[in-house]
Structure formats: structure tokens, C-alpha cells
Asker: 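Take a look at the following structure, please.
Keep in mind that the numbers below use all heavy atoms, side chains included, and drop hydrogens, waters and symmetry copies.
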Amino acid sequence: RRCEVKFECTHVCGRECHPSCPPCEFPVPVLCRGCNNEVEKPCSVPMNKMRCKRKIDFACSACGQERVRECHETEGSCTKQVSIDCADCGREGATTCAIAHEHLHEYRCPHPCARKMRCGHPCLLKCGEPCDSG
């Protein structure tokens, strides 16, 4: 026998008879606030808990790389490799677009240090690592 309990939303439970009804799961069509895509959500689930799965094409604002994300996702960090000039030694290196444009302090130059230590020998560390240069 089917449960005939009517929820506040006016939908009927409709499950096999049971001691207490779960929240209403009747599928309701709604428009996603992010992309206006029509999605179905369980009646009792608030809109802010919904996750639209529509794929959105967008371009990274810093490098222009075309990317795809789901509607509800943030753009995230761009992982395209870009050229960068080291602020310490001026030599060219490569890093992700996100580091070059948003987190420059995280860039680690791959080149050897060009300085001489106090003793006159060349520094054997990588550029940007603290040494006792004179």
C-alpha cells in the first residue's frame, strides 16, 4: 500500500507505507541561478544546495586560455605554463599562469645563483635561495 501523507508543499509521499515520511523528494523543475539552465531538484532541497552540472566555457582573464568548468564551480587556478622573468636574476623561466599573475611570491627560479659568496667562490644554490653573498 502507498503512503498518502500530503507534505506542506502539497506533494504526496507515495512511498510504500512507513512509520514516518522523509522530506519531499518530488522532482521540481527550476532554473539554475548561475546559467539559467533548467534542472530538476528534489522539492525539499533548497536552491543554494543545488549543483548544476552544465559545462561552461570560459577564458582565463590573465592568459586567455580556453577552459571548461561546471556551472557551480569557481574558475580555479589556471595551470597553463607561461614564461616569466625572474625578479632576482632577470633570466627567463616557466611557471603556471596562476603563479605568474596571482601568486608571484610562490615562483621559484630554476636557474643557479649568479652571485659570488663572501669567500669568492660561486654560490651553488638556486637563484632566490638565501646565501652569504658578499
Asker: Can you name the closest pair of heavy atoms from E16 and H18 and give their distance?
Answerer: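 Nearest pair, atom of E16 first, then H18: O-ND1, 2.5 Å.
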Asker: Can you see which heavy atom on R33 is nearest to which on M47, and at what distance?
Answerer: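 Heavy atoms only, the tightest pair is NH2-CB, 3.5 Å.
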Asker: Kindly compute the distance separating SG (C32) from CD (E38), expressed to the nearest 0.5 Å.
Answerer: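 Spacing of SG (C32) from CD (E38) equals 11.5 Å.
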Asker: Of the non-hydrogen atoms in P110 and K126, which two are nearest, and what is the gap between them?
Answerer: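 Closest approach of P110 to K126, heavy atoms only: O-NZ, 3.5 Å.
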Asker: Please find the pair of heavy atoms, one from R67 and one from C78, that lie closest to each other, and give the distance.
Answerer: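 Scanning both residues, the minimum pair turns out to be NH1-CA, 3.5 Å.
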Asker: Is a donor on one side and an acceptor on the other found under 3.5 Å between the side chain of R118 and the backbone of G120?
Answerer: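 No, because the side chain of R118 does not come within donor-acceptor range (under 3.5 Å) of the backbone of G120.
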Asker: Would you please name every residue forming a ring-ring contact (aromatic ring centres under 6.0 Å, His included) with H103, sequence neighbours left out?
Answerer: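 ring-ring contact (aromatic ring centres under 6.0 Å, His included) check on H103 returns nothing, list empty.
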Asker: Write down the atom of P27, the atom of E40, and the distance for their closest heavy-atom approach.
Answerer: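 Result for this residue pair: CB-OE1, 3.5 Å.
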Asker: The test is side-chain contact (heavy atoms from CB on, under 4.5 Å); show your working for K41 and K49 and say whether it passes.
Answerer: CA-CA 10 Å; K41 74 172 195 72; K49 300 287 185 199; over 6 Å; no
Asker: Hey, quick one: are V39 and V28 part of the same hydrophobic cluster, counting side-chain heavy atoms closer than 4.5 Å, chains of contacts allowed?
Answerer: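 Per the 4.5 Å side-chain linkage, V39 and V28 are co-clustered.
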Asker: How far apart are the closest heavy atoms of C35 and R54, and which atoms are they?
Answerer: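 That would be O-NH1, 3.4 Å.
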Asker: Look at the side chain of R108 and the backbone N and O of G128, then say whether any donor-acceptor pair between them is shorter than 3.5 Å.
Answerer: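 Checked: no pair found.
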